[in-house]
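Ligands are counted one by one from 1 in listed order, and the atoms in each one are counted from 1 as well.
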Amino acid sequence: MSQQLRSRRSNLAVPGSSPKMLEKAKGLPADQVFMDIEDAVAPIAKPDARKNIVAALNEGGYEGKVRSVRVNDWTTQWTYADVVEVVEGAGANLDCIMLPKVQTADQVVALDLLLTQIEKSNGLEVGRIGIEAQIENAKGLINVDAIAQASPRVETIIFGPADFMASINMKSLVVGEQPPGYDVGDAYHYILMRILMAARAYDKQAIDGPYLAIKDLEGYKRVAGRSAALGFDGKWVLHPDQVAAANEVYSPRQDDYDHAELILDAYDYYTSAAGGARGAVMLGDEMIDEASRKMALVVSAKGRAAGMSRTKTFEKPEA
Ligand code: GLV
Ligand code: MG
């Protein structure tokens, strides 16, 4: 079974065609690295990219990071060979396969079946390798609920804004910006929320895609801040400078994390016999109840997954 609580605040894209960048990724503090054989790799460079990726994964050095490989989508001629070569070559050193441009649940099932055969015939643990499903067109979005449920291997649902904008004929030139002439609401809100609902309904992580203007760090933070505010778990980073921004934006603030841990301890105490078996109590100026505990659990889980430590402890009231 895939691990769904891995921290994925920053997901670093690395073209598989570049051994230099595969090497450099090891030293960057990204939560996840995905090695690409798809759109960042030219068609004639794909066979070498597969080999570079297998070599990099087996050489190691990505400890502490989720290791994912993006294969080509099922409408191309490359997908099966991408999966077979990478998983046969480095399946034990790989956490997920990222499937781009997913349009139907069947496409996830096909990948699941292929992975299962490769795992069985290579003595790998069956079902350990997860699937990350990229939603990059209208058909994928309208099928996102089925896609999220298509296999227990699915760990994340990822928004692919560049392909998505092209697929729906959106006029924006810079990913994350409003299309010219559009000033009512937020062009991305519906898409992000649709993906988020599917992810939350089926216990998957929701990941925001790339921000292409890599020199515009403020723009990155603004766009990341929007999906983080909705509840997304992380975002792609295309450049080392974006890593720290993603890690910051998708972590709870220290105050919020401390407060969440305090609520969990306080609620635990007050609902116990020793604390009076109460269900709604005051914590400082705030009334907390079971719903507060649920909200606190979310912040606490994100903080713990991000390796945060609390700076405040709950003091039981004097008897
Ligand atoms: C990512 O793959 C995108 O298309 O935005
Ligand atoms: Mg794409």
Non-hydrogen atom of Met98 closer than 4.0 Å to ligand 1: no
Cationic N near anionic O, under 4.0 Å, Asp208 to Lys235: yes
Asp82/Arg70 ion pair, N-O < 4.0 Å: no
Check ion pair Arg8-Asp233 (N to O, under 4.0 angstrom): no
Glu136: numbered ligand 1 atoms lying under 4.0 Å from its heavy atoms: 1 (C), 2 (O), 3 (C), 4 (O)
Evaluation steps, side-chain contact (heavy atoms from CB on, under 4.5 Å), between Thr156 and Lys204: CA-CA 5 Å; Thr156 64; Lys204 312 299 177 188; 6.0 Å; no
Min heavy-atom dist Gly209 to ligand 1 below 4.0 Å: no
Backbone or side-chain N or O of Pro161 under 3.5 Å from ligand 1 N or O: yes
Ion pair check, Arg310 and Asp265, cut-off under 4.0 Å: yes
Pro100, portion touching ligand 1 at heavy-atom distance under 4.0 Å: neither
Sidechain N-carboxylate O distance under 4.0 Å for Asp145, Arg194: yes
Minimum-distance N/O/S atom that Asp163 presents toward the Mg ion (ligand 2): OD2
Nearest to the Mg ion (ligand 2) - the N/O/S atom of Glu136, by atom name: OE1
Interfacing atoms of ligand 1 (cut-off 4.0 Å, heavy-atom, Ala162): 3 (C), 4 (O), 5 (O)
Ligand 1 contact on Trp236 by region, counting heavy-atom pairs under 4.0 Å: side chain
Check: Pro210 N/O within less than 3.5 Å of ligand 1 N/O: no
Pair Trp74 + Tyr80: ring centers closer than 6.0 Å: no
Atoms in ligand 1 with a heavy atom of Asp163 nearer than 4.0 Å: 3 (C), 4 (O), 5 (O)
Atom indices of ligand 1, in the order listed, that fall short of 4.0 Å to a heavy atom of Gln134: 1 (C), 2 (O)
Closest approach of Glu136 to Asp163 (non-hydrogen atoms, all atoms of both residues): OE1-OD2, 3.0 Å
Which of the ligand 1 atoms, numbered from 1, are nearer than 4.0 Å to a heavy atom of Arg70: 2 (O)
Side chain, backbone, both or neither: the part of Glu38 lying under 4.0 Å from ligand 1 by heavy atom: neither
For the student: nearest non-hydrogen atoms of Val102 and Ile135, plus distance: O-CD1, 4.3 Å
